[in-house]
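Chain identifiers are assigned alphabetically (A, B, ...) following the order of the sequence lines, protein sequences preceding nucleic acid strands; residue numbering begins at 1 within each chain. What you see below is based on every heavy atom in this structure, not just the backbone, and it leaves out hydrogens, waters and symmetry mates.
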Amino acid sequence: MIVPLPRNARSGILHLALIGTAVWACGCGKGGSDETDAAGKTVLTVWDWHAADPSKGVGLWLIQIDREFERRHPHIKIKHEAQSHTEYYQIFKAAAAAKRGPDVVMLHQGSRILDLRDSLVPLTDYVTPAFRQKIVGWALSCEDYDPNGTPWAVPVAVQGLVWYTNKALMKRAGLDPDKPPRTWADFLNACEAVKKIGKAGIAAGQKEGSWGEWFINSAFFQTLTPQDSTRLNRGDLKWTDRKFVALLEKIKELRDRGCFQKGIMSTPMFPDAGEVFMRGDAAFFLGLISDVAHWKEFGEMLGPQNLGVMTCPVFQPGPNANKFPAGGGFAYAITQWSKHPAEAFEYIAFIASDENAKTFLSDVGSFPANQSYDAGLITDPMAKTIAEWLNAGRGGTDLLGRAPTSVNEALRREIQRVLSGQTDAAGAAAAIEKVAATARSGGTTRR
Amino acid sequence: MRDEGRKHRHARRRGWGFGRPKIGRTGIVLVLVSVSVTTIYPLLFVIITAVKDRKAYILDRYGLPTSPTLTNFAAAWTNAKVGQYVWNSAIVVVTAVVLSWIVCCMAGYALSHLRFPGRRAAFFAILGSMMIAPQVIIIPLYAMLIKMDLLNEYPGLILVYVTLSAPFGTYLLTSYFKGVPTELVEAAQVDGANHAQILWRVMVPIARPALVTLGIFNFLWMWNELLFALLILQDDSVRTLMVGVANLRGQYTTNIPLLSAGLFLAATPVLMVFMVFQTQLTKGMTLGAVK
Amino acid sequence: MSLTGKRSGVVFACLFLTPIFLLLITFRVVPGISAVWHSFTAWNGISPPTYVGLANYRQLLQDDVFWTALRNNFLLALAVPVWITVSLVLALLIHQEVPGWRFFRAAFFLPTVLSPVIVGTLFTALLRYDGPVNRALDIVGLGAIARDWLGNPATALPTLMLVILWCIFGHGVIVFLAGLAAIPREIFEAARLDGAAGWVFLRHIVVPSLRHVIEFWAVNLVVWSFTSLFAFVYVMTGGGPGYATMLVEYQLYLQAFESNHMGYACALGSALFLLVFGLIILQIRLMAGKED
């Protein structure tokens, strides 16, 4: 049967569609890595979430590294594909299930890496002892969280949580700007003083529940020893234990005393909560030490003379009370289906190299995992202080990076419930323990 | 809340019945106008915000813009990759709409004018499949698409959309085709046409209103669909517009004007389709509802 | 022989019905069966699944999050009569064909045309603590009730309900308008002559005449509320604060694609299916019951 020539719009559309269908059937649609391009070069596909904004910060740094690496290795071409942070792991898991995707992948250190180890290449043969020595933070990228175990990824950045203070605001509230509150009681009083001048004590963003998670990571050193944290994550210590519940109680206390700005439950952490702090509407902010919501950003907005830094106010004195979580920034791993693992590791090693560590600190304003940089070269006073703290050994591995994803999710939500008055500390802990118990019993997941 | 208030106010006025001209009518118009304000204002807000630059927005969030600018639209086009995503959406949706027409026309004709054993069963089977909610099948479907190598490929999402649209579309067209007098079909048969020719030459032209309605309806929901698009076309190069918009929040939350510009651009195709075909659609939407 | 007559009917029927059945079986039925099968396994989506029998269902029964989500779903379903009434009343008003009725019909339908993603993003911005809605309340002197609408667990779900109402009432208006158009004028005339007005008119004349349409729309809305609100939750609240706006549909997504508990998610899906199926049967029975 001969199909009549198009005489009206409808037939026309139909014809177009049939042609279109034929076209896409011939295989458009993307995904998957090409191993060699037309010029015979080896192509390495790299995934991360930072290069989505290549104009500044980490994104720019990464792109520049690509250029330099290609220059030094003319037979390798880097194909950089930035993914959205929001569903980064979902996308990667889909790629892993289909066994195609990037050669090199950026990952958050911690349980995420271990969850995905079925799709990664163990780096034991690639990581030399000298290399291992230089870089800090292996614990969160190695098997069993053992810094000497099988490494699944190479740490590149050191992330951490410190409390920032707005000195100008503190002065206005009648507080000594150079003496940030050290005890919990002092801290609560400081918040009250700030409230009296019409500002908020703490700027926080609880929409995704991150603030609660950060607070726990910042404060747990006071009640849990490193052994306790391992036991907690293994299930030998319960989340309903006094030592953990104390942390939740502190959160509740902050809420009951009205220390936060209004509307934290619908404020996202990035960048809104940071903005509240930068605008000078709150005196204290629990922030990061690298990349974003950190000393560089705040220093630029508030002026370095107005910015102060402190660790979590102490409510339970102890040997570890002055520690802050440091370690576990982003890391790079090699995927199992990659056809060029050796080149991939060369690339990763280059990113984590001494020279790039230097630029990471000076240009990006972030702390590299590679410790070979000269701390004396740091000019920013806050960064200097933090570096001094790191050198003095005040940095410690955080608590929640090693917890299973489902526990973290439950924890975030339970803290939201505490902060909105739906539950108390004990109830929240019980709920978290319930989820943890399911996760431990193998529940319905297979590792 | 506001709508409840309106309802009660109207109930008071209703004591005057529907016969009273002036005051009763004014009251009714007032109610309708207020509701229209709630539906139109949000869109206006988006447009007004989109033409402010970032500083202007921070200074005055809700007022009218003092110096409107179009830079946000340009920025949204590039930063939010609207230009790239809209193309992906267009390919997927247009293809799916056309394929859906084809599939539903054929099925509709078979169920309305062909005689064969099991016709009733087939009809109810197709209709019954609507009961399987998308959430139930989403995981095995996802795994299946990976195995079939259709993840991150346009055909993956297209076939899913066509499948999802098939039962309703078939139902609509079956009803409509049933209304076509059998004499026309018989006349064509006498002329020697086979069923394919009857479908193409007789049924389709007559069912044009239903087809247009179905097409618009499918276009609207497919263009706006989020869940399957989010899961099947994940790769940045094939991502659809709605997913791109949903993720604007993650990266550009500060820049509300930029976000608004992006939202507006995302809504434009649908709004255009709506404006042009509005009467058609509102008349046609009810083809299936009223027996 | 010529391709007409009974045999050709069967041949063409097979031909014409193949595409749709192929699609439905491949992309709906097979996954459906697969989902049920996987609900009896522990599976992370990548490695082969392990059979665990009824463990997932037992976990489901003890899962507080699931029961909270279910409760939220039922609360939403309870809002359906409100959604219907609003649409019905507005449809009646437009039916009067007051000046500008075509404009109103279009204006009401406008929100339906917008994607839930856009609606969600827009209203998240509008409903912020320092957003236009609270500002407007302040201006009209109702500043006292201003609050963090989506961040307050007490108001999060109702606010979500209202946003959804805003989104779909127009669709209902159109549906009811068509139904009203089908009612013979004489009934309206007779009612007016009899002096019936207002509430009486609504209850005893309009509603019975529109019964089929109302029931159709009610079933539609209830099923919709259980299966199609994902985009709203994803964009506006993420199920929070805490679990205040968690819905079964959203929990399924989280379990499957964030926590990788695919087997458990399949169990959730099967439970959801049974629920929706049951509701539909129930409502059809109710409709048939009123038929006499």
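Aromatic ring pairs are classed by plane angle as parallel below 30°, tilted from 30° to 60° and perpendicular above 60°; the pair W224(C) and W83(C) is perpendicular.
For L272(C), the part sitting under 4.5 Å from any heavy atom of chain B is the side chain, from C-beta outward, and nothing else. Residue contact with chain C, scored on non-hydrogen atoms closer than 4.5 Å, is absent for V273(B). For T124(C), no part sits under 4.5 Å from any heavy atom of chain B, backbone or side chain. The parts of L141(B) that come within reach of chain C are both its backbone and its side chain, each placing non-hydrogen atoms under 4.5 angstrom from that chain. For L126(C), the part lying under 4.5 angstrom from a heavy atom of chain B is the side chain only. For L252(C), the part lying under 4.5 angstrom from a heavy atom of chain B is the side chain only. Looking at A166(B), the atoms closer than 4.5 Å to chain C (heavy atoms on both sides) sit in the backbone and in the side chain alike. Using a 4.5 Å cut-off between heavy atoms, R28(C) touches chain B through backbone and side chain atoms alike.
In summary, the side chains of S112(B) and T174(B) do not present any donor paired with an acceptor at a separation below 3.5 Å, with no hydrogens or angles considered.
For the options P117(B), S129(B), G108(B), heavy-atom pairs under 4.5 Å to chain C are most numerous at S129(B). Of all the listed residues (A231(C), A13(C), P132(C)), the one sharing the greatest number of non-hydrogen pairs under 4.5 Å with chain B is P132(C). Note on L24(C), V173(C), V119(C), L15(C): by heavy-atom pairs under 4.5 Å with chain B, the leading option is L24(C). The candidate with the highest count of non-hydrogen atom pairs below 4.5 Å against chain B, out of W101(C), F16(C), F27(C), is F16(C). Here S115(C) is the residue among S115(C), G269(C), A136(C) with the most heavy-atom pairs under 4.5 Å with chain B.
Y109(B) has its side chain within reach of H195(B): a pair of non-hydrogen atoms, C-beta onward, lies under 4.5 Å apart.
You'll find the ring centres of Y250(C) and F230(C) inside the 6.0 Å limit. Not less than 6.0 angstrom separates the ring centroid of F123(C) from the ring centroid of W149(C). Between W43(C) and Y264(C), a ring centre-to-centre spacing not shorter than 6.0 Å is recorded. Centroid-to-centroid, the aromatic rings of Y142(B) and F257(C) come within less than 6.0 Å.
Taking a 6.0 Å sphere around OH of Y41(B), one finds it holds more than 12 heavy atoms contributed by other residues, nucleotides or ligands.
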